[in-house]
Amino acid sequence: MTDPQREILLSVKHMDVCFGKRRNRFKAVNNVSFDIYRGETFGLVGESGSGKTTIGRAIARINPTTAGEVIFKGQRINGKISRQLDRAVTRQIQMIFQDPMASLNERAKVDYIVSEGLYSGERIPEAERKAKVEKALAEVGLLPEFATRFPHEFSGGQRQRIGVARALIMQPEFIIADEPISALDVSIRAQVLNLLSDLQRERALTYLFISHDLSVMRFICDRIAVIHKGVLVELAETEKLFAHPLHPYTRALLSAIPLPDPAREKNKKLLVYDPSQHHYETDQPAWVEIEPDHMVWANQQEADEYRRILNA
């Protein structure tokens with residue numbers, strides 16, 4: 001359900017993404033739809049291989065979509081678009097990648113890595129370019145002299161900050177953060193998360209935050225969508241999802257979150273999701289609003305049961 005009080009920055013409508021040739025075609029994303037409001041952090045969570053990164057890369061025009069629409073600020077940005085719009089989208093939508101080592105050019109210095117995106121637009125004076133690099137590095141807590149070094153000279157946390165600076169220098173409105181902390185130590189994770197939160201407040205940024213870690217998502221996200229094998233199965237405000245998870249896959253994910261109390265952790269029951277429990281042969285599933293702003297992938301029988309659970 002769309003909130004008329006809030007401005008929609010990006011809409012994904014019935015997106016499909018397929019890989020492979022016709023005979024061996026694999027549908028990685030299946031009929032996915034959601035809206036992201038300006039200024040929020042929208043979470044996309046699921047296990048490895050669920051299609052969450054593929055969705056992020058499709059929004060950023062790295063992976064082509066095979067069906068559906070991606071609407072950004074009222075304009076369709078997937079498929080064939082004008083060169084002018086493509087250039088604008090490249091500036092306004094940036095992506096922070098999962099592996100800070102693999103996403104940085106080992107043969108280039110930080111100065112070039114951070115400012116690489118600026119070369120795709122109008123030519124700017126060298127002094128202005130260097131000033132932009134220094135400002136971007138300062139915003140992520142790195143010293144100006146780091147610009148003359150290579151990526152291998154930095155720690156994992158510092159490399160991820162370089163990746164954030166590379167995104168910020170383009171002055172984006174929307175950032176796709178693809179598991180930006182999964183390769184980092186716990187203490188460094190907190191630093192990067194706090195950095196992302198601070199930058200959001202200072203620049204009024206909107207995030208799509210992709211992760212498999214629900215405990216991290218609870219800290220940073222306003223709303224969370226749960227994806228399983230390319231299909232969205234549940235979407236709700238963060239605390240509502242944690243308080244009243246409805247889809248069995250969501251409940252299984254939540255049961256896997258470690259508890260800080262050793263006694264409770266030892267005695268808790270892990271839930272295993274079994275897709276065969278659904279009976280969709282005659283009663284087909286659909287994207288259903290069970291309560292305001294709480295969507296679930298369910299057939300009519302399941303939707304009635306979910307409403308009964310909430311009312312009870």
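Bear in mind the structure is a predicted one, so any value in this text is a computation, not a measurement.
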Residues that [X] engages under side-chain contact (heavy atoms from CB on, under 4.5 Å), provided they are two or more places apart:
{"X": "A165", "answer": "V114, A136, L137, V140"}
{"X": "T282", "answer": "none"}
{"X": "Q84", "answer": "S82"}

[X] side chain vs [Y] backbone, donor-acceptor pair below 3.5 Å:
{"X": "E289", "Y": "D293", "answer": "yes"}
{"X": "R61", "Y": "V89", "answer": "no"}
{"X": "R189", "Y": "I181", "answer": "yes"}
{"X": "Q75", "Y": "I71", "answer": "no"}
{"X": "N299", "Y": "H279", "answer": "yes"}
{"X": "T66", "Y": "D16", "answer": "yes"}
{"X": "T238", "Y": "C221", "answer": "yes"}
{"X": "K52", "Y": "G46", "answer": "yes"}
{"X": "Y207", "Y": "I220", "answer": "no"}
{"X": "N78", "Y": "V70", "answer": "yes"}

Just so I know, are the side chains of [X] and [Y] near enough to count as touching, which here means a heavy-atom distance under 4.5 Å?
{"X": "V12", "Y": "L10", "value": "yes"}
{"X": "Q277", "Y": "P248", "value": "yes"}
{"X": "H212", "Y": "E179", "value": "yes"}
{"X": "Y37", "Y": "L9", "value": "no"}
{"X": "L235", "Y": "R223", "value": "yes"}
{"X": "L193", "Y": "F209", "value": "yes"}
{"X": "V32", "Y": "K13", "value": "no"}

Return the [atom1] to [atom2] distance between [X] and [Y], rounded to the nearest 0.5 Å.
{"X": "R6", "Y": "D222", "atom1": "CZ", "atom2": "CG", "result": "6.5 Å"}
{"X": "F42", "Y": "D35", "atom1": "CZ", "atom2": "CG", "result": "8.5 Å"}
{"X": "Q92", "Y": "I175", "atom1": "CD", "atom2": "CD1", "result": "12.5 Å"}
{"X": "Q98", "Y": "Q160", "atom1": "CD", "atom2": "CD", "result": "9.5 Å"}
{"X": "M217", "Y": "I210", "atom1": "CE", "atom2": "CD1", "result": "8.5 Å"}
{"X": "I59", "Y": "F174", "atom1": "CD1", "atom2": "CZ", "result": "5.0 Å"}

Exercise for the section: Under the side chain to side chain contact (heavy atoms under 4.5 Å, CB included) rule, what do E139 and K135 come out as? Steps first, then yes or no, please. Expected result: CA-CA 6 Å; E139 285 181 315; K135 182 183 177 184; 4.1 Å; yes
Residue pairs meeting salt bridge (charged side-chain N to carboxylate O under 4.0 Å, His left out), one or both in residues 150-168, sequence neighbours left out, come to none
Residue pairs meeting salt bridge (charged side-chain N to carboxylate O under 4.0 Å, His left out), one or both in residues 263-283, sequence neighbours left out, come to E265-K268
Any chance you could lay out the side chain to side chain contact (heavy atoms under 4.5 Å, CB included) test for F150 and V110, step after step, and finish with the verdict?
-> CA-CA 6 Å; F150 291 93; V110 169; over 6 Å; no
How far apart are the closest heavy atoms of [X] and [Y], and which atoms are they?
{"X": "P151", "Y": "E106", "value": "CB-OE2, 3.4 Å"}
{"X": "L254", "Y": "L241", "value": "CD1-O, 3.9 Å"}
{"X": "P245", "Y": "F242", "value": "CD-O, 3.6 Å"}
{"X": "Q158", "Y": "S155", "value": "OE1-N, 3.0 Å"}
{"X": "V29", "Y": "G51", "value": "CG2-O, 3.9 Å"}
{"X": "M95", "Y": "A60", "value": "SD-CB, 4.3 Å"}

- Task: Give a yes or no on this: more than 12 heavy atoms of other residues, nucleotides or ligands lie within 6.0 Å of atom CG of N24.
- Result: no
More than 12 heavy atoms of other residues, nucleotides or ligands under 6.0 Å from NZ of K240: is that the case?
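Atom NZ in K240 is packed in, count exceeds 12.
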In terms of side-chain geometry, is the basic nitrogen of [X] or [Y] positioned less than 4.0 Å from the acidic oxygen of its partner?
{"X": "R218", "Y": "E239", "result": "yes"}
{"X": "R83", "Y": "D86", "result": "no"}
{"X": "D111", "Y": "R129", "result": "yes"}

Treating Ile, Leu, Val, Met, Phe, Trp and Tyr as nodes and any side-chain heavy-atom pair under 4.5 angstrom as an edge, say whether [X] and [Y] lie in one connected cluster.
{"X": "I309", "Y": "V226", "answer": "no"}
{"X": "L143", "Y": "F154", "answer": "yes"}
{"X": "V288", "Y": "Y280", "answer": "no"}
{"X": "L232", "Y": "V296", "answer": "no"}
{"X": "L271", "Y": "I227", "answer": "no"}

* To do: Look at the aromatic rings of W297 and W287 and report parallel, tilted or perpendicular, splitting at 30° and 60°.
  => tilted
Residues pairing under side chain to side chain donor-acceptor pair (under 3.5 Å) where one sits in residues 241-263, two or more places apart or in two chains, turn out to be E47-Y249, E234-T250
message = For the residue pair T54 / N63, report whether a side-chain donor-acceptor contact shorter than 3.5 Å exists.
response = no
Quiz item: Using a distance-only test with no angle check, is there a side-chain donor-acceptor pair under 3.5 angstrom linking Q200 and T41?
Solution: yes
Would you please test I169 and V133 for side chain to side chain contact (heavy atoms under 4.5 Å, CB included) and show each step?
CA-CA 7 Å; I169 201 170; V133 171; 3.9 Å; yes
task: For ring pair (Phe, Tyr, Trp, His ring centres under 6.0 Å), just list the numbers for H228 and Y273, CA-CA rounded to whole Å, side-chain angles, deciding distance to a tenth of an Å, and then say yes or no.
output: CA-CA 10 Å; H228 176 255; Y273 175 58; 5.0 Å; yes
